[in-house]
Amino acid sequence: MELVKAALAEALRLLRLQVPPSSLQVSGTPAPPGDSSFAAPPGLPPTCTPSLVSRGTQTETEVEFKTSPGPPGLSNGPPAPQGASEEPSGTQSEGGGSSSSGAGSPGPPGILRPLQPPQRADTPRRNSSSSSSPSERPRQKLSRKAISSANLLVRSGSTESRGGKDPLSSPGGPGSRRSNYNLEGISVKMFLRGRPITMYIPSGIRSLEELPSGPPPETLCLDWVYGYRGRDSRSNLFVLRSGEVVYFIACVVVLYRPGGGPGGPGGGGQRHYRGHTDCVRCLAVHPDGVRVASGQTAGVDKDGKPLQPVVHIWDSETLLKLQEIGLGAFERGVGALAFSAADQGAFLCVVDDSNEHMLSVWDCSRGVKLAEIKSTNDSVLAVGFNPRDSSCIVTSGKSHVHFWNWSGGVGVPGNGTLTRKQGVFGKYKKPKFIPCFVFLPDGDILTGDSEGNILTWGRSASDSKTPGRGGAKETYGIVAQAHAHEGSIFALCLQRDGTVLSGGGRDRRLVQWGPGLVALQEAEIPEHFGAVRAIAEGLGSELLVGTTKNALLRGDLAQGFSPVIQGHTDELWGLCTHPSQNRFLTCGHDRQLCLWDGESHALAWSIDLKETGLCADFHPSGAVVAVGLNTGRWLVLDTETREIVSDVIDGNEQLSVVRYSPDGLYLAIGSHDNVIYIYSVSSDGAKSSRFGRCMGHSSFITHLDWSKDGNFIMSNSGDYEILYWDVAGGCKQLKNRYESRDREWATYTCVLGFHVYGVWPDGSDGTDINSLCRSHNERVVAVADDFCKVHLFQYPCARAKAPSRMYGGHGSHVTSVRFTHDDSHLVSLGGKDASIFQWRVLGAGGAGPAPATPSRTPSLSPASSLDV
């Protein structure tokens, strides 16, 4: 230690005396060139001071300046300039590669290489014999280290005298073990779950500050929602005074006009109420036919904080929220809603999804609670006010029908009382579920149950033998029974002419009943639409029927029914858009492959895949489409005939991505077995043959893109790798990723890459972004995240704190986004909500609704080193 201190003290003394660097040379050590700084390579940004990196978050970005020399073709970054640093043979460089003296791989184009003086014969070698005595060797070694440190300090001083620019120079002298060059602006690095991900900056970008900032001028406007939530919800289909049909899916309440308005089957159009923050579970329409109440379920925000269920009362003409009811008063969600009718809709009854299924009555105008009581521990499926007496409320559900009387509390919040009278089944079999009921004009009540029976309930005289508290009580009992359906009855609807419609589950029949429950007319719903979930009476004799397979049908009992709205019934993942038409294809866990027409907003065709479809892509000709399944099997179908022209299996793991090359000559298939399978494809796309396999990923493939020339692939994997492949050259992995920094990509769907790293939120765990898609005009990039949002960023998005335009509506993780062929629309898929949203892309200054409030993505700290 004393020798080290002495050597450093001598070096500092010489610096104070401003001794020229040449006077610090040790015998046998060549002096550096007169000007120790080197110009930055052409196309790279000017030098700047690297910023410090905070390790407090999981997602970070740092601007690094490291590169490690190594054998050509084996390094992950650009090789160091030749001869820039002498490293003795057999030693290990900092970057992990073994370098030899006097030999180095060529550096990136444009980097000036320092001149290396010829090595003198008497230059001491670390592993060679020396005439120095053993006692002198430690002192000589320490002197060389001190002189190396002095050289660094002298260079640092000269840098400051030239305005603070950091020269492109080696941080150590010939005797140093460090052999890394500080190349400014070569790459950026971000961290996901502590794993560094290095992305190289294209040579045409001189500074990250030159990249666009701010949200994009383009905005999105929700144009159409495909699907209807009939699979697992009730009270979800009504007709407004305007003739619009109101229903819901995900977080959106849809107002659909079957006749009139541009686009859609039958000339229909859609409007959307988007005030909810989580999935809508039930609806109720005010007696005026204009106001609507919609209740949402509980959820969590992106930070894991709970979102409380709430009821919105809104105007269907203006789509403005009039009242928010019950924020903080409900648990889990809102299960059922009903407006009173006898007093012009002054009250709203709400049943939540808590264990006790709390029943509450609210003043609609003031939004205050008038009465509340625990109803039952069994599920409650329906609630309603007696249309002739608002003090009478009925609830039904699992094994019960309850008749409630409420009194008082008008004008006094929380002061009302609710008393319950239980329906008595008597000699009739008690059903497991009673999903629906209607009030008849004479005061009786009809219920539909899981046994397929319609029961008529009437008030019976007080029973003096079984007095209750306060004396004998009036009870409700069954006065008539009719077996109506095979299986459960899901819906009952009272028509304007006094007849009743019932909808069956297992038998899918729709039956009209007259007085005395006499069957008048019936129709059967086709099997592929599912069972009847809800019935609404439209204009004239028209009927609207919602089904359990998320379809909305329109028609009548005489002429039959045809679909006007259709959708998937389970989680969606696969999405691709047609290369020349406004069409797109979807697939998911319901095993259905569907082709949608974006112009008419209708289903063109669908087929049963028999297996779960997870990914799809059109051939550039549009004649065929490839679909990847969850079993390692993939199909190629003719888009016109719907015939399977190819059926291949690659491994037994699920396929996560299929992608045709831009010229249509190759098909790449990314699997969960960590392999990308490459196939040669015929000109019409119908035939294919195995070309090779890209093997090198250490986790499952998540995304991939082809280069514009169709020769290279960029791929991402589950462990956040970015790899490049030379397909035309034999499916070889490109070890030097720096060489791919200027390659142009036909599509950009990889979620990891320099051009899109700014879309990642701070603290991300690597799964927060499910899908990404660059527009064909390369102006914007759309992102589907795990928090039910669709984002629109400027492209390239390579700046920290990149702002976006954020759009809600999905009630589950958004699994995929794709632009249509002309960038006029964006299609997004919901996961568990099984919804498909078609957004219209509006240019800067275009007409349409006000854009969404920009959402700023948390920053990734800027950084950069030539990679691992």
Worksheet item: Looking at Val756 and Val751, what are the two nearest heavy atoms and their distance?
Response: CG2-O, 3.8 Å
Worksheet item: Taking C-beta and beyond as the side chain, do Ile769 and Val759 meet within less than 4.5 Å on heavy atoms?
Response: yes
Fill in: Asp786 side, atom CG; Ser771 side, atom OG - distance, nearest 0.5 Å
12.0 Å
Discussion item. Determine whether a donor-acceptor pair (N or O, by modelled atom type, separation under 3.5 Å) exists between the side chain of Asp705 and the backbone of Cys750.
Written reply: yes
Worksheet entry | Rounded distance (nearest 0.5 Å) linking atom CG of Leu637 with atom CD1 of Ile644 | 5.0 Å
Discussion item. Ignoring hydrogens, what is the shortest heavy-atom contact between Ile678 and Ala668? Give both atom names and the distance.
Written reply: CD1-CB, 3.7 Å
Worksheet, complete the sentence: When Tyr724, Phe754, Tyr200 are each screened for ring-ring contact (aromatic ring centres under 6.0 Å, His included) with Tyr738, the one that passes is Tyr200
Discussion item. Are Phe584 and His578 an aromatic pair, judged by ring center distance below 6.0 Å?
Written reply: no
Worksheet item: Is the shortest side-chain N to carboxylate O distance from Lys732 to Asp726 below 4.0 Å?
Response: no
Fill in: Separation between CG of Asp647 and CG of Leu635, rounded to the nearest 0.5 Å
5.0 Å
Fill in: Glu778 bridged to Lys708 by N-O distance under 4.0 Å
yes
Fill in: Contact check, side chains of Thr631 and Ile649, non-hydrogen atoms, under 4.5 Å
no
Response to the item:
Closest non-hydrogen contact found for Cys797 with Val781 is CB-CG1, 4.4 Å
Worksheet item: Roughly how far, to the nearest 0.5 Å, is CD of Glu721 from CG of Asn674?
Response: 9.0 Å
Fill in: Derivation and outcome, side-chain contact (heavy atoms from CB on, under 4.5 Å), residues Asp833 and His810
CA-CA 7 Å; Asp833 63 24; His810 285 289; 3.8 Å; yes
Discussion item. Donor-acceptor pair, distance only, cut-off 3.5 Å: does the side chain of Ser812 make one with the backbone of Lys832?
Written reply: yes
Worksheet item: If you measure only the distance, is there a donor-acceptor pair under 3.5 Å linking the side chains of Trp596 and Thr586?
Response: yes
Worksheet item: Tell me, do Glu218 and Leu792 make a side-chain contact under 4.5 Å, heavy atoms counted?
Response: yes
Worksheet entry | Contact check, side chains of Val188 and Leu208, non-hydrogen atoms, under 4.5 Å | yes
Worksheet item: Do you see a donor-acceptor pair shorter than 3.5 Å between the side chains of Ser698 and Asp719?
Response: yes
Worksheet entry | Backbone N/O of Pro796 and side chain of Arg774: donor-acceptor pair under 3.5 Å | no
Worksheet item: Is the backbone N or O of Val675 less than 3.5 Å from a side-chain atom of Ser671, with the two atoms forming a donor-acceptor pair by type?
Response: no
Response to the item:
When every non-hydrogen atom of Gly613 is compared with those of Leu629, the smallest separation belongs to CA-CD2, 3.8 Å
Fill in: Leu220 and Arg805, any side-chain heavy atoms less than 4.5 Å apart
no
Discussion item. For a 4.5 angstrom cut-off between non-hydrogen side-chain atoms, does Phe700 reach Asp673?
Written reply: no
Worksheet, complete the sentence: d(Ser656 OG, His672 NE2) to nearest 0.5 Å is 4.5 Å
Worksheet, complete the sentence: OG1 of Thr815 to CG of Leu829, rounded to nearest 0.5 Å, is 4.5 Å
Discussion item. Quick one, Thr747 with Trp706, criterion side-chain hydrogen bond (donor to acceptor under 3.5 Å, both in side chains). Give me CA distance, side-chain angles, the key distance, then yes/no.
Written reply: CA-CA 7 Å; Thr747 59; Trp706 285 91; over 6 Å; no
Discussion item. I need the full list of ring pair (Phe, Tyr, Trp, His ring centres under 6.0 Å) pairs touching residues 639-663, with sequence neighbours left out, sorted by first then second residue.
Written reply: His619-Tyr660
Worksheet entry | Criterion side-chain hydrogen bond (donor to acceptor under 3.5 Å, both in side chains) on Trp634 and Asp650, from CA distance to verdict | CA-CA 8 Å; Trp634 57 273; Asp650 281 314; 2.9 Å; yes
Worksheet item: Within the distance-only criterion (no hydrogens, no angle test), does the side chain of Thr749 pair as donor or acceptor with the backbone N or O of His703 below 3.5 angstrom?
Response: no
Fill in: Electrostatic pair Glu611:Arg633 at N-O distance under 4.0 angstrom
yes
Worksheet item: Can you list the steps and then say if Val657 with Ile669 is a side-chain contact (heavy atoms from CB on, under 4.5 Å)?
Response: CA-CA 6 Å; Val657 56; Ile669 300 168; over 6 Å; no
Worksheet entry | Minimum heavy-atom distance between Cys615 and Leu655, given as atom pair plus value | SG-O, 3.6 Å
Practice prompt. Would you check, one step at a time, whether the test side-chain hydrogen bond (donor to acceptor under 3.5 Å, both in side chains) holds for Arg737 with Ser740?
Written response: CA-CA 5 Å; Arg737 297 192 293 116; Ser740 298; over 6 Å; no
Worksheet item: Side-chain contact, heavy-atom cut-off 4.5 Å: Leu192 with Met190?
Response: yes
Practice prompt. Evaluate the side-chain contact (heavy atoms from CB on, under 4.5 Å) criterion for residues Leu593 and Trp605: first the C-alpha distance (whole Å), next the side-chain angles of each, then the deciding distance (0.1 Å), finally the verdict.
Written response: CA-CA 8 Å; Leu593 180 69; Trp605 55 257; 4.2 Å; yes
Discussion item. If we ignore hydrogens and angles and just use 3.5 Å, is the side chain of Asp785 paired with the main-chain N or O of Lys789 as donor and acceptor?
Written reply: yes
Discussion item. What I'd like to find out is whether the side chain of Leu752 reaches to under 4.5 Å of the side chain of Tyr720, using heavy atoms alone.
Written reply: yes
Discussion item. Has Asp823 got a side-chain atom pairing as donor or acceptor with Ser775's backbone, closer than 3.5 angstrom?
Written reply: no
Worksheet item: Within the side chain of Ser707, is there an N or O that forms a donor-acceptor pair under 3.5 Å with the backbone of Phe712?
Response: yes
Discussion item. Apply side-chain contact (heavy atoms from CB on, under 4.5 Å) to residues Leu667 and Arg659 and explain how you reach the verdict.
Written reply: CA-CA 6 Å; Leu667 173 63; Arg659 186 85 69 236; 5.8 Å; no
Worksheet item: In a check of ring-ring contact (aromatic ring centres under 6.0 Å, His included) between Tyr666 and each of Trp725, Tyr679, Phe691, which one passes?
Response: Phe691
Practice prompt. Taking Arg583 for its side chain and Thr577 for its backbone only, find out whether a donor-acceptor pair lies under 3.5 Å.
Written response: no
Worksheet entry | Closest non-hydrogen atom pair, Cys773 against Val817 | CB-O, 3.5 Å
Discussion item. Could you check whether His697 and Gln733, counting side-chain N and O atoms only, form a donor-acceptor pair closer than 3.5 Å?
Written reply: no
Worksheet item: Taking Arg779 for the side chain and Gln794 for the main chain, is one N or O donor matched with an acceptor at less than 3.5 Å?
Response: no
Item to complete: Take Tyr795 and His755 through the test ring-ring contact (aromatic ring centres under 6.0 Å, His included) and record every step on the way to the result.
Response: CA-CA 7 Å; Tyr795 181 86; His755 295 82; 5.8 Å; yes
